[in-house]
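Notes follow once the structure below has been shown.
Order of listing sets the numbers, starting from 1, for every ligand and every atom in it. All values below come from the heavy atoms of this structure, side chains included, with hydrogens, waters and symmetry mates left out.
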Amino acid sequence: MASAAAVDTMPDALRQSRYHMKRCFARLTGLGRRLMKFQHIKDEIEQTIEDKIERSKVLEGSLGDILSSTQEAAVVPPYVAFAIRHSPGIWDYVKVHADSLSVDIITSTDYLKFKETLFDEDWAKDENALEIDFGAFNVGIPSLVLPSSIGDGLGYVSKFMTSMNSKGPESAKPLVEYLLTLDHHGEKLMINETLNTVGKLQAALLIADVFISALPKDTPYQNFEQKLKEWGFEKGWGENAERVRQTMRILSEILQAPDPTNMEAFFSRVPAIYKIVIFSVHGYFGQADVLGLPDTGGQVVYILDQVKALEEELLLRIKQQGLNVKPQILVVTRLIPDAQGNKCNQEMEPIANTMHSHILRVPFNTEKGVLGPWVSRFDIYPYLERFSLDATAKILELMEGKPDLIIGNYTDGNLVGSLVASKLGVTLGTIAHALEKTKYEDSDVKWRELDPKYHFSCQFTADMIAMNAADFIITSTYQEIAGSKNRPGQYESHVAFTMPGLYRVVSGINVFDPKFNIASPGADQSIYFPFTEKQKRLTKFQPAIEELLFSKEENDEHIGFLADRKKPIIFTMARLDIVKNITGLTEWYGKNKRLRNLVNFVIVGGFFDPSKSKDREEMAEIKKMHSLIERYQLKGQIRWIAAQTDRYRNSELYRCIADTKGAFVQPALYEAFGLTVIEAMNCGLPTFATNQGGPAEIIIDGVSGFHIDPNNGEESSKKIADFFEKCKGILDIGIGCLKQDSDA
Ligand code: UDP
Ligand code: LCN
């Protein structure tokens, strides 16, 4: 979506500051062909117009607004092309001639071509270069307009359906037709062919209402089932008279004069889903001894939490609607024959605290047989098509038919989900929480350079196929879809982008599509509760945690030691991915003497021996950790603990850190959501978390925690040190007062 109005003022604004602007543009083009980010452009302008007053005069008004909304600029002398983002999801592209300062509003396609010339000029000029336009398939699909409504798809769809059903008596016909399709194993639900028109349904609902109103509210459905059947009603309206009457009233009101609240309420009662398949393919997907292993973190925790919640919800709805159906949920993942002492080599595993949910593991079959070892999520693509076929066969067998809903998670699960859903003709929901594209700067235009390591050409293609195939997309936050004021969202970065030499995406996804819905993950409150709830504390873990944190010896589980155990602890826990930036935090700590004097530092993550890891990034990070501990002489102040796999013990670890009056720090270069942030906060730890990604939306800076800038370690470590200094000051005053009291 673009707003040409804002850039319409650009020619005038440039004209008014012609002298300074000509110098600025000469400076930009003087640098030669390049891609520049906002900060870089700002620095150049500041250096050109040295005088502060002059500079602010020039940058006041619309020119300043436009420049501050610029995400990047492609410099191809004598032109500079700007990608301007006015607000989430709203972009304009303009091309300015550096000498004449003439301004042309250009299309996203032209902007991408301009950008491509910086990387592969021949391809940029090639008329046959592959161009992808998913937008072309969206004609006629209703779309939101307001950036503030992005992510509230359900609310919008309810309103849209309300308006569609308000166009006269026959406009509810599709609703009647939909109800007629409902059945379970061939048994009709809600209505049968007797009620095949809006008029007949309305009349029958009236009669039924009079009849049911006369019954005691708790009369079981079976007692009046026969009567309702005579009028054309089938099972599914409710378990007793009260519930049936409510459901019928809601529908009668919709047929009389639809409104979004009733629309949503009615559809939440329609029995349509009993069997769900969730694809979460990569990593070690298990319930024990897997967390902290490469590629195995929040996604596993999140899916297992969701399965429990989904099963509870299914059971409740089935009961409330008066049906006698068993739900079934299968989490389908990869079977890893070379599992490292966990259950990832078992085909079926019941999911704890559920009755009808299982993990189903299907191996990666290749021409050479079943693949044994774990495979990084970046290298997984060659196996997925075959996996989809094998998984489909197994699912059909176990479910004795098709599932009612397929959910994908992360790129690989979403791609498999889209293949299986399209083959079986089943509704598809996708979840990503971590699209890789925004984690690595310019990962699209630099795809050639990054492909040997990350295979982004496959990953971004898979992401776009899945997100466009999805009937709905669940995101963790608003920022995941459309970012914040200054930073584009993860999905938004797929709107228009290019991989020079491969293909150009002129319309990859529409962030205003109502398929986007925000439903944030939570932390299991029965595990992650505040350290102050003494009676609930998991004291059985405390001796082991004491050893883990404070014993002086180094072994396979911990290295380093804490010489002064009275100091508070700053704590971090993550997989040792580069993006998690644990080495960054170690370096900030190493460099900041004040912080080192105030607090100890405890890390949980990875292994100590790089040769034990099969993950490229983890190996590099392990080596870096050792060299930082050496360079900054951290022993005595740092405790590095290997990845921990027990969620219960980890929750007590957070609380033990809180006992030391410590804090949690999440320093990621980019974090999609960040489960550790909410786990730590639930345990009562003051939390400092990256301002790049989900945590920026989870935490209100200075109110519920603190934002830190992973790209400015000095400022971030100062912020942490200031906090502890302030706390120490308050504590010293408190101790002073207590002493005075006792002296008196
Ligand atoms: N975790 C763990 N042991 C570790 C590292 C992480 O149990 O050594 C858990 C952590 O408590 C959280 C999840 O793994 O539940 C990590 O989720 P997050 O969203 O923070 O990051 P992700 O790993 O998904 O990128
Ligand atoms: C993936 C991530 O990268 C994390 O930021 C999330 O917290 C996790 O999934 C669960 O949603």
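Using a 4.0 Å cut-off to heavy atoms of G292, the atoms of ligand 1 that qualify are 4 (C), 5 (C), 8 (O). Counting atoms of ligand 2 from 1 in the listed order, those under 4.0 Å from a heavy atom of E671 are 2 (C), 3 (O), 4 (C), 5 (O). Taking every heavy atom of G674 and a limit of under 4.0 angstrom, the matching atoms of ligand 2 come to 4 (C), 5 (O), 6 (C), 7 (O). Residue A672 has at least one heavy-atom neighbour below 4.0 Å for each of these atoms of ligand 2: 3 (O), 5 (O). Within the listing of ligand 1, atoms 10 (C), 12 (C), 20 (O) sit less than 4.0 angstrom from a heavy atom of T676. Taking every heavy atom of R575 and a limit of under 4.0 angstrom, the matching atoms of ligand 1 come to 22 (P), 23 (O), 25 (O). The distance from ligand 1 to the heavy atoms of V604 drops below 4.0 Å at these ligand atoms: 8 (O). Atoms of ligand 1 found under 4.0 Å from any heavy atom of N650 (numbered from 1 in listed order, with element): 2 (C), 3 (N), 7 (O). Close contacts of ligand 1 with A643, meaning ligand atoms under 4.0 Å from a residue heavy atom, involve 8 (O).
Nearest residue to atom 4 (C) of ligand 1 from Q644, R649, K580, Q299 is Q644 (criterion: closest heavy atom).
For L291, no nitrogen or oxygen atom sits less than 3.5 Å from a nitrogen or oxygen atom of ligand 1, counting backbone and side chain alike. For G298, a nitrogen or oxygen atom sits less than 3.5 Å from a nitrogen or oxygen atom of ligand 1, counting backbone and side chain alike. The shortest N or O to N or O distance between F673 and ligand 2 is below 3.5 Å. Taking only nitrogen or oxygen atoms, main chain and side chain alike, Y528 does not reach within less than 3.5 Å of ligand 1.
Remark: K540 NZ is loosely packed, at most 12 non-hydrogen atoms of other residues, nucleotides or ligands lying under 6.0 Å away.
Cation-pi geometry between R655 and F529 is met: under 6.0 angstrom from the ring centre, within 45 degrees of the axis. At least one test fails for K515 against the ring of F472: distance under 6.0 Å to the centre or angle within 45° of the axis. A cation-pi arrangement is absent between K719 and F688, since the terminal nitrogen or guanidinium carbon is not both under 6.0 Å from the aromatic centre and inside a 45° cone about the axis.
Proximity of E679 to ligand 1, defined as any heavy-atom pair under 4.0 Å, is confined to the side chain (atoms from C-beta onward). Under 4.0 Å from ligand 1, not a single heavy atom of D577 appears. Counting heavy atoms closer than 4.0 Å to ligand 1, residue V301 contributes side-chain atoms (C-beta onward) but none from N, CA, C or O.
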Apply side chain to side chain contact (heavy atoms under 4.5 Å, CB included) to residues W374 and K614 and explain how you reach the verdict. CA-CA 8 Å; W374 168 85; K614 293 193 194 83; 4.1 Å; yes
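A side-chain donor-acceptor contact under 3.5 Å links E697 to the backbone of Y478. The backbone N or O of R649 sits nowhere less than 3.5 Å from a side-chain atom of Q644 that would complete a donor-acceptor pair.
A donor-acceptor pair shorter than 3.5 Å can be found between the side chains of E618 and S613. Remark: the S457 side chain and the D451 side chain contain an N/O donor-acceptor pair separated by less than 3.5 Å. Side chains of S651 and R647: a donor-acceptor N/O pair is absent below 3.5 angstrom, by distance only. Side chains of E436 and Y410: a donor on one and an acceptor on the other come within 3.5 Å.
In this structure, atom 6 (C) of ligand 1 lies nearest to the protein heavy atom M573 CG, 3.9 Å. For atom 11 (O) of ligand 2, the closest non-hydrogen atom of the protein is H433 ND1, 2.5 Å. Scanning the protein for heavy atoms near atom 18 (P) of ligand 1, the closest one is L675 N, 3.5 Å. Counting only heavy atoms of the protein, atom 1 (C) of ligand 2 lies nearest to Q299 NE2, 3.4 Å.
The shortest heavy-atom distance from S476 to ligand 2 is not under 4.0 Å.
Two residues are said to be in side-chain contact when any heavy atoms from C-beta on lie closer than 4.5 Å; F460 and L435 fail this criterion.
We find that K635 and E630 are not joined by a salt bridge, their nearest charged nitrogen and carboxylate oxygen being 4.0 Å or further apart.
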